[in-house]
Structure formats: C-alpha cells, structure tokens
Amino acid sequence: MSGVVVTNPPKAEAEDVEALAGYGVATISEAMGRTGLLGPGIRPIQQGVRVAGTAVTVLSWPGDNLMIHAAVEQCGEGDILVVTTTSPSTDGMFGELFATALRRRGVRGLVIDAGIRDTQELRELGFAAWSRAVSAQGTVKATGGSVNVPVAVDGRVIRPGDVIVADDDGVVVVPRESARRVAEASEAREEKEAASRAAFIEGQLGLDRYGLRERLKELGVTYRSYDEYTAGGRS
C-alpha cells in the first residue's frame with residue numbers, strides 16, 4: 001500500500017471552531033439537520049469532557065501505526081487526530097507515548113476507528129480520546145498509508161481541516177466551509193431549548209408546548225378512563 005502525506009491543508013477558521021466548542025454534539029447535529037454524527041460505536045474513554053478542533057486525518061493499514069507517527073509531524077495547536085484503517089481493526093494502535101507527543105504539539109484529542117490502549121494513562125494525562133475499541137494488542141510499523149486525505153468513519157466522510165466536536169454523546173463532523181453557519185444555527189437551537197427548559201420548569205407539558213395533542217388526534221390516539229378501557233375487554 002503506497003500513500004501520501006499532504007501538508008498544510010485548508011482548515012476551518014479558529015474562531016468558528018471555538019464557537020462550536022460551546023455546544024454539545026447532539027445540539028450541533030440537530031442544527032445540521034440531524035447529520036454529521038459518527039456511529040455509536042465510537043465511544044469516549046473518559047467522561048465529562050468536550051473537545052473541538054480541526055481534523056488531521058490518517059489512513060493506516062490494520063494493526064500498523066506507522067502513519068500515526070507520520071501524522072504527528074503534521075499536527076499543531078487546535079488539531080484533533082482522526083485515524084482510520086483500510087479494513088476493520090481493533091488492535092491497540094494508539095497509546096500513552098503518542099498522546100505525550102501530541103500534547104506537546106497542542107493537539108486536543110483523538111478519534112480512532114480502531115483500538116486504543118493505555119487508557120488509564122491517557123486519562124491521567126488529560127488527553128481526550130474516542131475509539132472503536134480498547135485493546136492491549138500491539139501493532140507493527142511496516143506499511144505505508146496516507147495523512148491528510150479524506151477518510152470515512154461509519155459512512156461519514158471526514159476531510160482534513162473539517163471541525164470535529166466530541167463529548168460524552170459521541171462525535172460529530174462539521175464541514176470546514178459550514179463551520180460558521182453551523183455555529184450560528186447551534187446558538188439559535190440552544191436558545192430555543194433554553195426557552196423550553198424554562199417552560200418545563202414552570203410545569204408546561206411538551207404536549208402543549210410543541211402542539212402534539214393535535215398530532216395524537218391525527219394519528220388516531222384516543223384518551224379513555226381506566227374503567228372505559230377495561231370495560232372494553234382489556235386489563
């Protein structure tokens with residue numbers, strides 16, 4: 001497998017990345033029309049952490065972390081490393097030593113569609129990571145791959161410089177050209193949710209706030225007392 005290392009790809013503007021960092025993964029995905037999410041198989045190794053940054057992408061051979069070494073050189077302040085393999089792999093391709101090197105370069109975290117190890121040490125370092133698997137299985141450094149090329153995770157294309165936001169709920173990808181618009185849409189959605197939250201605290205029901213009583217009626221859902229329901233032969 002030959003490959004290429006692409007240097008200096010375009011990136012989303014830093015101020016737009018920081019704006020997106022203020023919103024949760026669920027809010028951002030909803031603001032994009034329920035798109036952008038990686039699948040539920042990519043899970044955090046820590047809790048209570050949210051990161052946002054620009055993607056540096058890696059395409060590696062399964063069980064081979066050579067191209068992660070090549071990618072470290074291409075990483076800088078505010079980046080998130082995104083690693084995929086040419087076919088499914090759960091080997092522990094990333095651990096404490098990689099995290100130490102990336103922290104030194106200002107990298108904010110890792111998303112890997114493969115295995116990760118040294119999870120306790122990563123948590124102690126404060127290096128946030130989301131992975132497909134946790135595995136102590138080691139890897140080799142034998143096969144070429146690519147850095148900063150488009151990759152796919154769960155059918156979602158991630159390009160170098162796209163915005164990655166990750167939290168306890170998972171990972172969302174925002175195309176770099178859309179970062180500002182999505183940040184604005186996320187703000188509007190959060191304001192709407194804040195208004196609903198205040199209404200629920202005061203006792204309003206979602207059925208009324210969202211006009212769902214009429215929807216139930218349209219769907220043929222009826223209200224019956226317990227006596228009426230049981231008199232109809234159901235208990």
**Asked** Is there a donor-acceptor pair under 3.5 Å between the side chain of Asp91 and the backbone N or O of Thr139?
**Response** no

**Request:** Look only at the side chain of Ser146 and the backbone of Val5, and say whether a donor-acceptor pair between them is shorter than 3.5 Å.
**Result:** no

**Message:** Measuring from atom NZ of Lys141 to atom CD1 of Ile68, what distance do you get when rounded to the nearest 0.5 angstrom?
**Reply:** 9.5 Å

**Request:** With sequence neighbours left out, write down each residue that passes side-chain hydrogen bond (donor to acceptor under 3.5 Å, both in side chains) with Arg43, or none if nothing qualifies.
**Result:** none

**Prompt:** Which distance, rounded to the nearest 0.5 Å, do you find between the OG of Ser60 and the CE of Met67?
**Reply:** 6.5 Å

**Message:** Suppose we screen for side chain to side chain contact (heavy atoms under 4.5 Å, CB included). Which residues come up paired with Glu184, at least two apart in sequence or across chains?
**Reply:** Arg180

**Item:** Partners passing salt bridge (charged side-chain N to carboxylate O under 4.0 Å, His left out) against Glu190 (at least two apart in sequence or in another chain)
**Value:** none

**Message:** Apply side chain to side chain contact (heavy atoms under 4.5 Å, CB included) to residues Leu216 and Thr222 and explain how you reach the verdict.
**Reply:** CA-CA 8 Å; Leu216 291 175; Thr222 60; over 6 Å; no

**Request:** Just say parallel, tilted or perpendicular for the rings of Phe200 and Tyr210, cut-offs at 30° and 60°.
**Result:** perpendicular

Show me, pair by pair, the donor-acceptor contacts under 3.5 angstrom made by side chains of residues 110-126, not counting sequence neighbours?
from, atom 1, to, atom 2, distance (Å)
Asp113, OD1, Arg132, NE, 2.8
Asp113, OD1, Arg132, NH2, 3.0
Arg117, NH1, Ala136, O, 3.0
Asp118, OD2, Glu96, N, 2.9
Gln120, NE2, Glu124, OE2, 3.1
Arg123, NH1, Ile45, O, 2.8

**Message:** Looking at every heavy atom in both Trp130 and Gly170, which two are closest together, and how far apart are they?
**Reply:** NE1-O, 3.9 Å

**Prompt:** Less than 4.5 Å apart, any side-chain heavy atom of Val56 and any of Pro160?
**Reply:** no

**Message:** Under the rule for side-chain hydrogen bond (donor to acceptor under 3.5 Å, both in side chains), what residues qualify as partners of Gln74, not counting sequence neighbours?
**Reply:** none

**Complete:** Contacts satisfying side-chain hydrogen bond (donor to acceptor under 3.5 Å, both in side chains) that involve residues 163-175 (not counting sequence neighbours) are none

**Request:** Quick one: closest heavy-atom pair of Ser186 and Thr27, and the distance?
**Result:** O-CG2, 3.8 Å

**Complete:** Shortest non-hydrogen pair, Arg159 vs Ala55, comes out as O-CB, 3.8 Å

**Message:** Would you say Val173 ends up clustered with Val149 if hydrophobic residues are merged whenever their side chains have heavy atoms under 4.5 Å apart, either directly or through other cluster members?
**Reply:** yes

**Request:** Taking Thr230 for its side chain and Asp227 for its backbone only, find out whether a donor-acceptor pair lies under 3.5 Å.
**Result:** yes

**Asked** Below 4.5 Å, heavy atoms only, C-beta onward: do Val72 and Leu102 meet side chain to side chain?
**Response** yes

**Item:** Sidechain-backbone polar pair: Glu202 side chain, Ala199 backbone, donor-acceptor under 3.5 Å
**Value:** no

**Prompt:** Taking Asp162 for the side chain and Pro175 for the main chain, is one N or O donor matched with an acceptor at less than 3.5 Å?
**Reply:** no

**Request:** Determine yes or no for a side-chain-to-main-chain donor-acceptor pair under 3.5 angstrom, with Gln46 supplying the side chain and Ala129 the backbone.
**Result:** yes

**Asked** Looking only at heavy atoms, what is the nearest atom pair of Arg108 and Ala128, with distance?
**Response** O-CB, 4.2 Å

**Asked** Got a sec, which residues hit side-chain hydrogen bond (donor to acceptor under 3.5 Å, both in side chains) with Thr85, two or more places apart in sequence or on another chain?
**Response** none

**Under the salt bridge (charged side-chain N to carboxylate O under 4.0 Å, His left out) test, residues paired with Arg156 that sit two or more places apart** = none

**Prompt:** Going through the distances and angles, do Val151 and Val157 end up as a side chain to side chain contact (heavy atoms under 4.5 Å, CB included)?
**Reply:** CA-CA 6 Å; Val151 298; Val157 174; over 6 Å; no

**Prompt:** Say you draw a straight line from CZ of Arg189 to CD of Glu30; how long is it, rounded to the nearest 0.5 Å?
**Reply:** 4.0 Å

**Message:** Please find the pair of heavy atoms, one from Val171 and one from Ala166, that lie closest to each other, and give the distance.
**Reply:** CG2-CB, 3.9 Å

**Side chain Ser29, main chain Thr35, donor-acceptor under 3.5 Å** = yes

**Message:** Apply the hydrophobic cluster definition, ILVMFWY joined by side-chain contacts under 4.5 Å directly or through others, and give me every member besides Val163.
**Reply:** Val17, Leu20, Tyr23, Val25, Ile28, Met32, Leu37, Val165, Val172, Val174, Val182

**Message:** Holding to side-chain hydrogen bond (donor to acceptor under 3.5 Å, both in side chains), I want the full list of residues that pass it with Arg213, two or more places apart in sequence or in another chain.
**Reply:** Asp208

**Asked** Any link between Leu97 and Leu66 through a network of hydrophobic side chains (Ile, Leu, Val, Met, Phe, Trp, Tyr) touching at under 4.5 Å?
**Response** no

**Message:** Working to the nearest 0.5 angstrom, can you tell me the gap between Thr84 OG1 and Leu59 CG?
**Reply:** 4.5 Å

Side chains of residues 75-83: which donor-acceptor partners sit under 3.5 Å, not counting sequence neighbours?
from, atom 1, to, atom 2, distance (Å)
Asp79, OD1, Lys11, NZ, 2.9
Asp79, OD1, Thr54, OG1, 2.7
Asp79, OD2, Lys11, NZ, 3.2
Asp79, OD2, Gly76, N, 2.7

**Request:** Evaluate the side chain to side chain contact (heavy atoms under 4.5 Å, CB included) criterion for residues His69 and Asn65: first the C-alpha distance (whole Å), next the side-chain angles of each, then the deciding distance (0.1 Å), finally the verdict.
**Result:** CA-CA 7 Å; His69 284 279; Asn65 67 6; 3.9 Å; yes

**Prompt:** Okay, side chain of Ser178, backbone of Arg181: is any donor-acceptor separation there less than 3.5 Å?
**Reply:** no

**Message:** Once salt bridge (charged side-chain N to carboxylate O under 4.0 Å, His left out) is applied, do any residues pair with Glu13, and if so which ones, sequence neighbours excluded?
**Reply:** none

**Prompt:** Is the centre of the Phe94 ring less than 6.0 Å from the centre of the Phe127 ring?
**Reply:** yes

**Message:** Looking at every non-hydrogen atom in both residues, tell me the closest pair between Met93 and Phe98 and how far apart they are.
**Reply:** O-CE1, 3.4 Å

